[in-house]
2 protein chains.
Amino acid sequence: MTRAASRQNPTRIQREKTEAILAAALEVFSTMGFRGATLDQIAETAGLSKPNLLYYFASKEDVHRMLLERLLDTWLEPLRQLDAAGDPGEEIGAYIRRKLEMARDYPRESRLFAGEILRGAPHIADLLAGPLKALVDEKAAIIAGWAAQGRIAPVDPRHLIVTIWAVTQHHADFAAQLDALFGPDDSRRFREAERFLAGLFDRGLAPPDHPQG
Amino acid sequence: MTRAASRQNPTRIQREKTEAILAAALEVFSTMGFRGATLDQIAETAGLSKPNLLYYFASKEDVHRMLLERLLDTWLEPLRQLDAAGDPGEEIGAYIRRKLEMARDYPRESRLFAGEILRGAPHIADLLAGPLKALVDEKAAIIAGWAAQGRIAPVDPRHLIVTIWAVTQHHADFAAQLDALFGPDDSRRFREAERFLAGLFDRGLAPPDHPQG
DNA sequence: TCCGAATTTGACCATCCGGTCGATAAAACA
DNA sequence: TGTTTTATCGACCGGATGGTCAAATTCGGA
(Lines give C-alpha, C1' and ligand atoms only; values in the text may rest on other atoms or scores of the structure.)
Protein backbone atom coordinates (compact mmCIF):
# COMPACT_ATOMS: atom_id res chain seq x y z
CA MET A 1 0.00 0.00 0.00
CA THR A 2 1.48 3.29 -1.09
CA ARG A 3 -0.75 5.69 0.77
CA ALA A 4 -0.19 5.12 4.44
CA ALA A 5 -2.77 7.61 5.62
CA SER A 6 -5.62 5.70 4.07
CA ARG A 7 -5.00 2.49 5.97
CA GLN A 8 -7.67 1.00 8.14
CA ASN A 9 -5.34 -0.16 10.90
CA PRO A 10 -2.58 2.39 11.25
CA THR A 11 0.67 1.17 12.72
CA ARG A 12 2.32 2.80 15.73
CA ILE A 13 4.70 4.65 13.43
CA GLN A 14 1.85 5.90 11.31
CA ARG A 15 0.01 7.27 14.30
CA GLU A 16 3.09 8.94 15.72
CA LYS A 17 4.27 10.48 12.48
CA THR A 18 0.81 11.66 11.52
CA GLU A 19 0.49 13.44 14.85
CA ALA A 20 3.94 14.96 14.54
CA ILE A 21 3.12 16.24 11.08
CA LEU A 22 -0.20 17.75 12.15
CA ALA A 23 1.44 19.41 15.16
CA ALA A 24 4.14 20.87 12.93
CA ALA A 25 1.58 21.93 10.34
CA LEU A 26 -0.45 23.75 12.98
CA GLU A 27 2.63 25.70 13.98
CA VAL A 28 3.66 26.59 10.44
CA PHE A 29 0.25 27.15 8.85
CA SER A 30 -0.95 29.34 11.71
CA THR A 31 2.03 31.65 11.53
CA MET A 32 2.67 31.70 7.77
CA GLY A 33 -0.76 31.02 6.31
CA PHE A 34 -1.55 28.24 3.86
CA ARG A 35 0.22 29.82 0.91
CA GLY A 36 3.10 31.10 2.98
CA ALA A 37 3.83 27.72 4.53
CA THR A 38 6.07 25.25 2.71
CA LEU A 39 6.14 21.49 2.95
CA ASP A 40 9.84 21.59 3.67
CA GLN A 41 9.21 23.83 6.67
CA ILE A 42 6.50 21.57 8.01
CA ALA A 43 8.58 18.47 7.41
CA GLU A 44 11.62 19.94 9.12
CA THR A 45 9.52 21.06 12.10
CA ALA A 46 8.09 17.57 12.32
CA GLY A 47 11.57 16.06 12.10
CA LEU A 48 11.35 14.26 8.76
CA SER A 49 11.91 14.80 5.07
CA LYS A 50 9.44 16.23 2.58
CA PRO A 51 9.01 12.98 0.63
CA ASN A 52 8.45 11.23 3.92
CA LEU A 53 5.75 13.73 4.84
CA LEU A 54 4.12 13.10 1.49
CA TYR A 55 4.18 9.41 2.29
CA TYR A 56 1.65 10.13 5.04
CA PHE A 57 -0.38 12.85 3.33
CA ALA A 58 -1.25 12.98 -0.33
CA SER A 59 -0.78 16.73 -0.62
CA LYS A 60 -0.30 20.00 1.20
CA GLU A 61 -4.03 20.61 0.99
CA ASP A 62 -4.68 17.26 2.63
CA VAL A 63 -2.61 18.19 5.67
CA HIS A 64 -4.42 21.49 5.91
CA ARG A 65 -7.85 19.98 5.54
CA MET A 66 -7.31 17.26 8.13
CA LEU A 67 -5.95 19.83 10.55
CA LEU A 68 -9.03 22.01 10.17
CA GLU A 69 -11.44 19.13 10.46
CA ARG A 70 -9.86 17.84 13.65
CA LEU A 71 -9.71 21.29 15.16
CA LEU A 72 -13.26 22.36 14.50
CA ASP A 73 -14.51 19.83 16.99
CA THR A 74 -12.32 21.11 19.81
CA TRP A 75 -13.08 24.62 18.81
CA LEU A 76 -16.80 24.27 19.22
CA GLU A 77 -16.61 22.51 22.58
CA PRO A 78 -17.21 25.65 24.66
CA LEU A 79 -20.45 26.35 22.83
CA ARG A 80 -21.55 22.74 23.18
CA GLN A 81 -21.33 23.12 26.93
CA LEU A 82 -23.90 25.90 26.96
CA ASP A 83 -26.62 24.36 29.10
CA ALA A 84 -30.30 25.13 28.61
CA ALA A 85 -30.95 24.10 32.21
CA GLY A 86 -28.47 26.54 33.73
CA ASP A 87 -28.89 30.16 34.74
CA PRO A 88 -28.81 32.28 31.57
CA GLY A 89 -26.46 34.95 32.88
CA GLU A 90 -24.07 32.41 34.35
CA GLU A 91 -24.16 30.19 31.28
CA ILE A 92 -23.34 33.04 28.93
CA GLY A 93 -20.71 34.40 31.29
CA ALA A 94 -19.10 30.98 31.54
CA TYR A 95 -19.21 30.62 27.77
CA ILE A 96 -17.40 33.92 27.30
CA ARG A 97 -14.82 32.87 29.87
CA ARG A 98 -14.22 29.52 28.18
CA LYS A 99 -13.86 31.13 24.76
CA LEU A 100 -11.42 33.68 26.11
CA GLU A 101 -9.40 30.92 27.71
CA MET A 102 -9.24 29.12 24.41
CA ALA A 103 -8.02 32.27 22.67
CA ARG A 104 -5.34 32.53 25.34
CA ASP A 105 -4.33 28.86 25.41
CA TYR A 106 -4.79 27.95 21.75
CA PRO A 107 -3.95 31.04 19.71
CA ARG A 108 -2.53 28.98 16.85
CA GLU A 109 -5.79 27.16 16.37
CA SER A 110 -7.65 30.44 16.39
CA ARG A 111 -5.33 31.96 13.82
CA LEU A 112 -5.53 28.93 11.60
CA PHE A 113 -9.30 29.24 11.47
CA ALA A 114 -9.18 32.99 11.07
CA GLY A 115 -6.87 32.70 8.09
CA GLU A 116 -9.10 30.12 6.49
CA ILE A 117 -12.28 32.17 6.97
CA LEU A 118 -10.57 35.36 5.88
CA ARG A 119 -9.79 33.76 2.51
CA GLY A 120 -13.40 32.72 2.08
CA ALA A 121 -13.20 29.33 3.82
CA PRO A 122 -12.32 27.50 0.58
CA HIS A 123 -11.45 24.24 2.37
CA ILE A 124 -14.20 24.06 4.99
CA ALA A 125 -17.24 25.72 3.49
CA ASP A 126 -19.22 22.50 3.98
CA LEU A 127 -18.21 22.27 7.64
CA LEU A 128 -19.48 25.77 8.26
CA ALA A 129 -22.78 25.16 6.56
CA GLY A 130 -23.12 21.75 8.22
CA PRO A 131 -22.00 20.98 11.78
CA LEU A 132 -21.22 24.58 12.68
CA LYS A 133 -24.56 25.96 11.58
CA ALA A 134 -26.37 23.07 13.24
CA LEU A 135 -24.74 23.72 16.61
CA VAL A 136 -25.27 27.47 16.38
CA ASP A 137 -28.92 27.03 15.49
CA GLU A 138 -29.40 24.64 18.39
CA LYS A 139 -27.80 26.94 20.94
CA ALA A 140 -29.43 30.03 19.46
CA ALA A 141 -32.78 28.40 20.11
CA ILE A 142 -31.88 28.00 23.78
CA ILE A 143 -30.87 31.64 24.05
CA ALA A 144 -34.01 32.71 22.21
CA GLY A 145 -35.98 30.77 24.79
CA TRP A 146 -34.28 32.62 27.63
CA ALA A 147 -35.04 35.91 25.92
CA ALA A 148 -38.67 34.96 25.36
CA GLN A 149 -39.00 34.13 29.07
CA GLY A 150 -37.59 37.54 29.97
CA ARG A 151 -34.58 35.98 31.68
CA ILE A 152 -32.19 37.99 29.48
CA ALA A 153 -32.68 41.07 27.35
CA PRO A 154 -34.51 40.42 24.07
CA VAL A 155 -31.52 40.15 21.74
CA ASP A 156 -30.90 38.30 18.49
CA PRO A 157 -29.30 35.06 19.73
CA ARG A 158 -27.18 34.36 16.67
CA HIS A 159 -25.72 37.84 16.73
CA LEU A 160 -24.97 37.30 20.39
CA ILE A 161 -23.02 34.15 19.59
CA VAL A 162 -20.99 35.59 16.73
CA THR A 163 -20.31 38.73 18.76
CA ILE A 164 -18.89 36.59 21.55
CA TRP A 165 -16.73 34.83 18.98
CA ALA A 166 -15.51 38.17 17.67
CA VAL A 167 -14.55 39.67 21.01
CA THR A 168 -12.81 36.56 22.32
CA GLN A 169 -10.98 35.30 19.24
CA HIS A 170 -9.83 38.84 18.59
CA HIS A 171 -7.38 38.37 21.44
CA ALA A 172 -5.66 35.55 19.56
CA ASP A 173 -6.06 36.71 15.96
CA PHE A 174 -5.08 40.35 16.50
CA ALA A 175 -2.47 39.72 19.17
CA ALA A 176 0.14 41.66 17.20
CA GLN A 177 -2.03 44.76 17.35
CA LEU A 178 -2.85 44.30 21.01
CA ASP A 179 0.83 43.86 21.78
CA ALA A 180 1.51 47.22 20.17
CA LEU A 181 -1.28 48.93 22.11
CA PHE A 182 -1.03 47.26 25.50
CA GLY A 183 2.54 46.09 25.66
CA PRO A 184 3.49 42.44 25.67
CA ASP A 185 2.08 41.50 29.10
CA ASP A 186 -0.39 38.89 27.97
CA SER A 187 -1.64 37.58 31.26
CA ARG A 188 -2.53 41.00 32.57
CA ARG A 189 -4.29 41.86 29.32
CA PHE A 190 -6.35 38.71 29.44
CA ARG A 191 -7.37 39.38 33.03
CA GLU A 192 -8.50 42.87 32.06
CA ALA A 193 -10.30 41.58 29.01
CA GLU A 194 -12.20 39.01 31.02
CA ARG A 195 -13.26 41.66 33.48
CA PHE A 196 -14.28 44.07 30.74
CA LEU A 197 -16.24 41.52 28.73
CA ALA A 198 -17.93 40.03 31.77
CA GLY A 199 -19.17 43.46 32.76
CA LEU A 200 -20.22 44.47 29.28
CA PHE A 201 -22.26 41.35 28.61
CA ASP A 202 -23.59 41.10 32.14
CA ARG A 203 -25.09 44.57 31.97
CA GLY A 204 -25.81 44.37 28.26
CA LEU A 205 -27.87 41.20 28.57
CA ALA A 206 -29.63 41.92 31.86
CA PRO A 207 -33.38 41.74 31.39
CA PRO A 208 -34.93 45.24 31.18
CA ASP A 209 -37.24 44.82 34.20
CA HIS A 210 -34.84 43.50 36.82
CA PRO A 211 -31.49 45.18 37.43
CA GLN A 212 -28.69 42.63 37.35
CA GLY A 213 -27.54 41.25 40.67
CA MET B 1 15.06 58.36 -13.83
CA THR B 2 14.47 54.67 -13.56
CA ARG B 3 12.29 54.58 -10.48
CA ALA B 4 9.16 56.52 -11.32
CA ALA B 5 7.58 56.19 -7.91
CA SER B 6 10.34 58.14 -6.22
CA ARG B 7 9.92 61.29 -8.29
CA GLN B 8 9.18 64.57 -6.64
CA ASN B 9 6.77 65.82 -9.29
CA PRO B 10 4.83 62.85 -10.59
CA THR B 11 3.41 63.13 -14.08
CA ARG B 12 -0.24 62.58 -14.87
CA ILE B 13 0.53 59.07 -16.07
CA GLN B 14 2.45 58.29 -12.92
CA ARG B 15 -0.42 59.39 -10.75
CA GLU B 16 -2.99 57.47 -12.75
CA LYS B 17 -1.02 54.26 -13.02
CA THR B 18 0.01 54.31 -9.39
CA GLU B 19 -3.62 54.63 -8.37
CA ALA B 20 -4.69 51.88 -10.75
CA ILE B 21 -2.03 49.58 -9.36
CA LEU B 22 -2.96 50.25 -5.75
CA ALA B 23 -6.64 49.71 -6.51
CA ALA B 24 -5.84 46.42 -8.20
CA ALA B 25 -3.50 45.42 -5.40
CA LEU B 26 -6.20 46.06 -2.80
CA GLU B 27 -8.53 43.75 -4.68
CA VAL B 28 -5.99 40.97 -5.12
CA PHE B 29 -4.15 41.19 -1.80
CA SER B 30 -7.38 41.31 0.20
CA THR B 31 -8.78 38.19 -1.38
CA MET B 32 -5.60 36.13 -1.86
CA GLY B 33 -3.35 37.41 0.91
CA PHE B 34 0.16 38.72 0.39
CA ARG B 35 1.72 35.39 -0.41
CA GLY B 36 -1.22 34.18 -2.44
CA ALA B 37 -1.29 37.24 -4.64
CA THR B 38 0.91 37.38 -7.75
CA LEU B 39 2.30 40.41 -9.53
CA ASP B 40 0.87 39.14 -12.81
CA GLN B 41 -2.60 39.08 -11.27
CA ILE B 42 -2.27 42.59 -9.90
CA ALA B 43 -0.83 43.87 -13.15
CA GLU B 44 -3.59 42.31 -15.21
CA THR B 45 -6.27 43.69 -12.88
CA ALA B 46 -4.67 47.10 -13.18
CA GLY B 47 -4.53 46.75 -16.96
CA LEU B 48 -0.79 46.68 -17.55
CA SER B 49 2.12 44.27 -17.75
CA LYS B 50 4.18 42.98 -14.86
CA PRO B 51 7.39 44.77 -15.87
CA ASN B 52 5.36 47.92 -16.24
CA LEU B 53 4.04 47.52 -12.72
CA LEU B 54 7.60 47.08 -11.49
CA TYR B 55 8.45 50.33 -13.23
CA TYR B 56 6.22 52.08 -10.68
CA PHE B 57 6.97 49.98 -7.62
CA ALA B 58 10.31 48.51 -6.74
CA SER B 59 8.86 45.25 -5.45
CA LYS B 60 5.75 43.37 -4.42
CA GLU B 61 6.42 44.35 -0.82
CA ASP B 62 6.56 47.98 -1.81
CA VAL B 63 3.07 47.84 -3.27
CA HIS B 64 1.79 46.14 -0.17
CA ARG B 65 3.44 48.55 2.20
CA MET B 66 2.23 51.66 0.41
CA LEU B 67 -1.30 50.25 0.33
CA LEU B 68 -1.29 49.63 4.06
CA GLU B 69 0.18 53.01 4.89
CA ARG B 70 -2.41 54.86 2.83
CA LEU B 71 -5.26 52.82 4.21
CA LEU B 72 -4.44 53.15 7.88
CA ASP B 73 -5.33 56.81 7.74
CA THR B 74 -8.79 56.20 6.31
CA TRP B 75 -9.26 53.32 8.62
CA LEU B 76 -8.74 55.36 11.76
CA GLU B 77 -11.01 58.20 10.68
CA PRO B 78 -14.07 56.97 12.60
CA LEU B 79 -12.11 56.94 15.85
CA ARG B 80 -10.68 60.38 15.13
CA GLN B 81 -14.20 61.74 15.03
CA LEU B 82 -14.91 60.67 18.59
CA ASP B 83 -15.62 64.02 20.23
CA ALA B 84 -14.80 64.72 23.85
CA ALA B 85 -17.41 67.48 23.87
CA GLY B 86 -20.27 65.23 22.76
CA ASP B 87 -22.62 63.07 24.79
CA PRO B 88 -20.73 59.90 25.76
CA GLY B 89 -23.48 57.44 24.88
CA GLU B 90 -24.17 59.09 21.56
CA GLU B 91 -20.49 59.43 20.70
CA ILE B 92 -19.77 55.78 21.33
CA GLY B 93 -22.94 54.70 19.58
CA ALA B 94 -22.04 56.82 16.57
CA TYR B 95 -18.54 55.38 16.60
CA ILE B 96 -19.88 51.84 16.54
CA ARG B 97 -22.20 52.77 13.69
CA ARG B 98 -19.41 54.34 11.65
CA LYS B 99 -17.14 51.34 12.17
CA LEU B 100 -19.88 48.95 11.16
CA GLU B 101 -20.54 51.00 8.04
CA MET B 102 -16.87 50.81 7.16
CA ALA B 103 -16.90 47.05 7.58
CA ARG B 104 -19.89 46.95 5.25
CA ASP B 105 -18.60 49.42 2.67
CA TYR B 106 -14.89 48.63 2.76
CA PRO B 107 -14.56 44.94 3.48
CA ARG B 108 -11.43 44.61 1.35
CA GLU B 109 -9.60 47.18 3.41
CA SER B 110 -10.66 45.39 6.58
CA ARG B 111 -9.47 42.04 5.28
CA LEU B 112 -6.18 43.46 4.11
CA PHE B 113 -5.46 44.72 7.60
CA ALA B 114 -6.72 41.57 9.24
CA GLY B 115 -4.41 39.45 7.12
CA GLU B 116 -1.47 41.64 7.95
CA ILE B 117 -2.14 41.62 11.70
CA LEU B 118 -2.86 37.90 11.67
CA ARG B 119 0.65 37.25 10.33
CA GLY B 120 2.20 39.37 13.06
CA ALA B 121 2.04 42.73 11.26
CA PRO B 122 5.51 42.28 9.72
CA HIS B 123 5.14 45.28 7.40
CA ILE B 124 3.44 47.80 9.68
CA ALA B 125 4.65 47.09 13.19
CA ASP B 126 5.97 50.64 13.43
CA LEU B 127 2.64 52.12 12.35
CA LEU B 128 0.84 50.21 15.08
CA ALA B 129 3.26 51.27 17.77
CA GLY B 130 3.30 54.85 16.44
CA PRO B 131 0.24 56.64 15.01
CA LEU B 132 -2.23 53.92 15.96
CA LYS B 133 -1.18 53.74 19.60
CA ALA B 134 -1.07 57.53 19.81
CA LEU B 135 -4.64 57.89 18.58
CA VAL B 136 -5.93 55.11 20.78
CA ASP B 137 -4.25 56.56 23.86
CA GLU B 138 -5.71 59.98 23.08
CA LYS B 139 -9.25 58.71 22.68
CA ALA B 140 -8.94 56.29 25.58
CA ALA B 141 -8.17 59.28 27.79
CA ILE B 142 -11.43 60.92 26.69
CA ILE B 143 -13.40 57.79 27.49
CA ALA B 144 -11.62 57.40 30.80
CA GLY B 145 -12.70 60.95 31.60
CA TRP B 146 -16.31 60.11 30.88
CA ALA B 147 -16.05 57.07 33.13
CA ALA B 148 -14.44 59.08 35.92
CA GLN B 149 -17.31 61.58 35.72
CA GLY B 150 -19.80 58.77 36.03
CA ARG B 151 -21.27 59.50 32.59
CA ILE B 152 -20.63 55.91 31.47
CA ALA B 153 -19.95 52.72 33.36
CA PRO B 154 -16.42 52.46 34.77
CA VAL B 155 -14.83 50.34 32.06
CA ASP B 156 -11.28 50.00 30.73
CA PRO B 157 -11.34 52.44 27.80
CA ARG B 158 -8.74 50.67 25.68
CA HIS B 159 -10.55 47.38 25.98
CA LEU B 160 -13.71 49.17 24.96
CA ILE B 161 -12.04 50.45 21.81
CA VAL B 162 -10.52 47.15 20.75
CA THR B 163 -13.76 45.35 21.55
CA ILE B 164 -15.61 47.72 19.23
CA TRP B 165 -13.02 46.98 16.58
CA ALA B 166 -13.51 43.27 17.07
CA VAL B 167 -17.28 43.24 16.81
CA THR B 168 -17.47 45.53 13.81
CA GLN B 169 -14.57 44.32 11.69
CA HIS B 170 -15.72 40.77 12.32
CA HIS B 171 -18.53 41.44 9.86
CA ALA B 172 -16.00 42.04 7.09
CA ASP B 173 -13.23 39.63 8.05
CA PHE B 174 -15.42 36.64 8.86
CA ALA B 175 -18.04 37.26 6.20
CA ALA B 176 -17.63 33.74 4.84
CA GLN B 177 -18.63 32.28 8.20
CA LEU B 178 -21.52 34.69 8.62
CA ASP B 179 -22.74 33.84 5.15
CA ALA B 180 -22.86 30.18 6.14
CA LEU B 181 -24.75 30.93 9.35
CA PHE B 182 -27.10 33.69 8.27
CA GLY B 183 -27.43 33.17 4.56
CA PRO B 184 -26.10 35.62 2.03
CA ASP B 185 -28.47 38.52 2.76
CA ASP B 186 -25.87 41.08 3.74
CA SER B 187 -28.01 44.17 4.16
CA ARG B 188 -30.42 42.48 6.52
CA ARG B 189 -27.57 41.04 8.55
CA PHE B 190 -25.94 44.44 8.92
CA ARG B 191 -29.20 46.00 10.03
CA GLU B 192 -29.61 43.31 12.69
CA ALA B 193 -25.99 43.66 13.75
CA GLU B 194 -26.33 47.40 14.20
CA ARG B 195 -29.41 46.92 16.30
CA PHE B 196 -27.80 44.20 18.40
CA LEU B 197 -24.58 46.08 18.99
CA ALA B 198 -26.32 49.38 19.71
CA GLY B 199 -28.40 47.68 22.37
CA LEU B 200 -25.53 45.71 23.87
CA PHE B 201 -23.22 48.70 24.25
CA ASP B 202 -25.98 51.09 25.21
CA ARG B 203 -26.99 48.93 28.15
CA GLY B 204 -23.48 47.66 28.79
CA LEU B 205 -22.04 51.15 29.14
CA ALA B 206 -24.91 52.86 30.93
CA PRO B 207 -23.69 54.36 34.21
CA PRO B 208 -24.69 52.26 37.20
CA ASP B 209 -26.70 54.99 38.94
CA HIS B 210 -28.93 56.20 36.12
CA PRO B 211 -30.82 53.76 33.93
CA GLN B 212 -30.23 54.54 30.28
CA GLY B 213 -32.84 56.64 28.43
C1' DT C 1 7.88 69.18 -35.68
C1' DC C 2 11.66 67.54 -33.15
C1' DC C 3 14.14 65.61 -29.28
C1' DG C 4 15.06 63.97 -24.85
C1' DA C 5 12.65 61.94 -21.13
C1' DA C 6 9.21 58.87 -19.69
C1' DT C 7 6.72 54.69 -20.51
C1' DT C 8 5.88 49.98 -22.07
C1' DT C 9 6.81 45.22 -22.96
C1' DG C 10 8.64 40.63 -24.76
C1' DA C 11 12.05 37.67 -23.56
C1' DC C 12 14.57 35.98 -20.13
C1' DC C 13 16.65 34.47 -15.50
C1' DA C 14 17.00 32.39 -10.94
C1' DT C 15 14.71 30.59 -7.36
C1' DC C 16 11.22 28.40 -4.90
C1' DC C 17 8.10 24.82 -4.26
C1' DG C 18 4.73 20.98 -4.58
C1' DG C 19 5.10 16.63 -5.93
C1' DT C 20 7.32 12.06 -8.09
C1' DC C 21 10.44 8.09 -8.36
C1' DG C 22 13.51 4.62 -7.46
C1' DA C 23 16.54 2.81 -4.37
C1' DT C 24 17.61 1.81 0.41
C1' DA C 25 16.83 0.95 5.24
C1' DA C 26 14.06 -0.43 8.98
C1' DA C 27 10.11 -3.02 11.02
C1' DA C 28 7.14 -6.68 11.44
C1' DC C 29 6.25 -11.21 11.17
C1' DA C 30 6.70 -16.15 10.37
C1' DT D 1 16.88 -16.10 10.28
C1' DG D 2 14.48 -15.09 6.00
C1' DT D 3 11.00 -12.64 3.85
C1' DT D 4 7.50 -9.43 3.22
C1' DT D 5 5.73 -5.09 4.31
C1' DT D 6 6.50 -0.45 5.81
C1' DA D 7 9.17 3.64 6.20
C1' DT D 8 12.72 6.99 4.60
C1' DC D 9 15.07 10.02 1.60
C1' DG D 10 18.36 11.92 -2.18
C1' DA D 11 17.76 13.37 -6.55
C1' DC D 12 14.97 15.16 -9.73
C1' DC D 13 10.96 17.42 -12.48
C1' DG D 14 7.91 21.04 -14.05
C1' DG D 15 5.46 24.93 -13.31
C1' DA D 16 4.88 29.24 -10.97
C1' DT D 17 6.71 33.58 -9.71
C1' DG D 18 9.44 37.78 -8.39
C1' DG D 19 12.36 40.43 -10.70
C1' DT D 20 15.78 42.17 -14.78
C1' DC D 21 17.05 44.15 -19.15
C1' DA D 22 17.41 46.03 -23.48
C1' DA D 23 14.87 47.49 -27.09
C1' DA D 24 10.84 49.85 -28.77
C1' DT D 25 7.16 53.18 -28.28
C1' DT D 26 4.89 57.19 -26.54
C1' DC D 27 4.70 61.60 -24.32
C1' DG D 28 5.50 66.44 -23.50
C1' DG D 29 7.64 70.60 -23.90
C1' DA D 30 10.41 73.90 -26.87
Side-chain angles (χ1 to χ4, degrees), chain A residues 1-25 27-29 31-68 115 119 122-123, chain B residues 1-25 27-29 31-68 115 119 122-123:
Chain A
M1 166 147 325
T2 55
R3 187 97 292 132
S6 63
R7 290 198 111 230
Q8 301 291 14
N9 290 76
T11 68
R12 173 186 56 85
I13 291 181
Q14 279 165 16
R15 263 182 281 111
E16 288 176 3
K17 291 299 165 73
T18 301
E19 293 309 313
I21 291 167
L22 288 173
E27 178 66 28
V28 178
F29 279 141
T31 57
M32 314 294 287
F34 179 75
R35 296 291 299 258
T38 74
L39 287 180
D40 279 304
Q41 251 177 308
I42 296 171
E44 191 187 338
T45 304
L48 36 75
S49 67
K50 180 172 63 172
N52 199 8
L53 187 156
L54 288 164
Y55 174 71
Y56 292 100
F57 290 89
S59 68
K60 186 183 181 184
E61 282 214 355
D62 258 35
V63 182
H64 194 242
R65 180 171 26 245
M66 178 165 294
L67 200 52
L68 286 167
R119 301 295 163 234
H123 303 104
Chain B
M1 167 144 328
T2 54
R3 187 96 291 133
S6 64
R7 290 197 111 231
Q8 300 291 13
N9 289 77
T11 68
R12 174 186 57 84
I13 290 181
Q14 279 166 18
R15 263 182 281 113
E16 287 175 3
K17 292 298 166 73
T18 301
E19 292 310 314
I21 291 167
L22 288 173
E27 178 66 27
V28 178
F29 279 141
T31 58
M32 315 294 288
F34 179 76
R35 296 292 297 259
T38 74
L39 287 180
D40 277 306
Q41 250 177 308
I42 297 172
E44 191 187 337
T45 304
L48 36 74
S49 66
K50 179 173 63 173
N52 199 181
L53 186 159
L54 287 164
Y55 173 72
Y56 292 100
F57 290 88
S59 69
K60 186 183 181 182
E61 282 213 356
D62 258 37
V63 181
H64 193 242
R65 180 169 27 245
M66 179 166 293
L67 200 51
L68 286 168
R119 301 297 162 232
H123 302 104

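Note that the structure is predicted; figures quoted are calculated from it, not measured.
- Look at A:Q14 and you won't find any side-chain N or O under 4.0 angstrom from OP1 or OP2 of D:dT6.
- Summarising the local packing, CD of B:E44 is surrounded by 12 or fewer heavy atoms from other residues, nucleotides or ligands at distances under 6.0 Å.
- Following rounding to the nearest Å, B:K60 (NZ) and D:dT17 (P) show an atom-to-atom distance of 9 Å.
- Remark: B:S49, B:P51, B:N52 in residues 38-52 of chain B come within less than 4.0 Å of DNA chain C through at least one heavy atom.
- One interatomic measurement links the two molecules: OH of A:Y55 to C1' of C:dG22, which rounds to 15 Å at whole-angstrom precision.
- Here the side chains of B:F34 and B:E61 are in contact, with some heavy-atom distance below 4.5 Å.
- When rounded to the nearest whole Å, the span between NE2 of A:H64 and C1' of C:dG19 equals 18 Å.
- In this structure, the side chains of A:I42 and A:F29 come closer than 4.5 Å at one or more pairs of heavy atoms.
- Under the 4.5 Å side-chain criterion, counting only non-hydrogen atoms from C-beta, A:L54 is not in contact with A:P51.
- Counting to the nearest Å, the P atom of D:dT8 and the CG atom of A:L54 are 13 Å from each other.
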#### Entry: Derivation and outcome, side-chain contact (heavy atoms from CB on, under 4.5 Å), residues A:Y55 and A:L48
CA-CA 11 Å; A:Y55 174 71; A:L48 36 75; over 6 Å; no

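- Formation of a donor-acceptor pair under 3.5 Å by the B:K50 side chain with backbone atoms of B:T38 is not found in this model.
- Proximity of B:R35 to the phosphate of C:dC17: a side-chain N or O atom is located under 4.0 Å from OP1 or OP2.
- For the pair A:L53 CG and D:dT6 C1', the interatomic distance rounds to 17 Å; values are reported in whole Å.
- For A:R15, no side-chain nitrogen or oxygen approaches OP1 or OP2 of D:dA7 to under 4.0 Å.
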